[in-house]
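Structure first, then comments.
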Amino acid sequence: LRNALVQTAARFNIDLNFVNELPNGTVEVQGGSSEPARVFQLLSMLEAKQAVKILDVDIARSSDDPGKVRFQATLSN
């Protein structure tokens, strides 16, 4: 799951500030400032191509660039 996340994020040019794989198999992730469309493409691709379940996601406008967003998510297989 972690590898799929890192590879897919790189494909969409999204910096991951934090990736934490938990003992229960879930992964917590925080993404850096990115274009909103890229974040949604990343999440969609993870679900469709990697069979990743998005358990929780929070997307907020980036404080340093109002045209971009940051996100936090909890993912599972």
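A quick note: this is a predicted structure, and the numbers were derived from the prediction, not measured.
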Side chain to side chain contact (heavy atoms under 4.5 Å, CB included) between Arg70 and Ser62, worked out: CA-CA 6 Å; Arg70 295 181 182 271; Ser62 178; 3.6 Å; yes
Between Val39 and Phe12, does the side chain to side chain contact (heavy atoms under 4.5 Å, CB included) criterion hold? Intermediate values first, please. CA-CA 8 Å; Val39 173; Phe12 289 105; over 6 Å; no
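Asn20 meets the side chain to side chain contact (heavy atoms under 4.5 Å, CB included) test with Phe18, Leu22, Glu28; sequence neighbours excluded. Evaluation of the salt bridge (Lys or Arg N to Asp or Glu O under 4.0 Å) rule for Asp58 yields no partner, not counting sequence neighbours.
Closest approach of Ala4 and Leu46 over heavy atoms only: O-CD2, 4.0 Å. Across every non-hydrogen atom of Ile14 and Arg38, the tightest pair is CD1-O, 3.4 Å. Among all heavy-atom pairs drawn from Val27 and Leu1, the shortest one is CG2-CD2, 3.5 Å. Taking every heavy atom of both residues into account, Asn17 and Gly32 meet most closely at ND2-CA, 3.4 Å. Here the closest heavy-atom approach between residue Val57 and residue Ala73 is recorded as CG2-CB, 4.0 Å.
Considering CG of Leu75 and CD of Gln50, their distance stands at 11.5 Å, rounded to 0.5 Å. The OG1 atom of Thr26 lies 12.5 Å from the NZ atom of Lys53; values are rounded to the nearest 0.5 Å. In this structure, OG in Ser33 is found 9.0 Å from CG in Asp15, a value given to the nearest 0.5 Å. To the nearest 0.5 Å, atoms CD (Glu35) and CG (Asn13) are separated by 9.0 Å. Interatomic distance, CZ of Phe71 versus CG of Leu16, reported as 5.5 Å (0.5 Å rounding). Separation of atoms CZ (Arg2) and CD (Gln7) is listed at 11.5 Å; rounding is to 0.5 Å.
A chain of hydrophobic side-chain contacts below 4.5 Å, direct or via other Ile, Leu, Val, Met, Phe, Trp or Tyr residues, connects Ile54 to Met45. Phe40 and Val29 fall within a single hydrophobic cluster, where Ile, Leu, Val, Met, Phe, Trp and Tyr side chains are chained together by heavy-atom contacts under 4.5 Å.
A donor-acceptor pair under 3.5 Å is formed between the side chain of Arg61 and the backbone N or O of Pro66.
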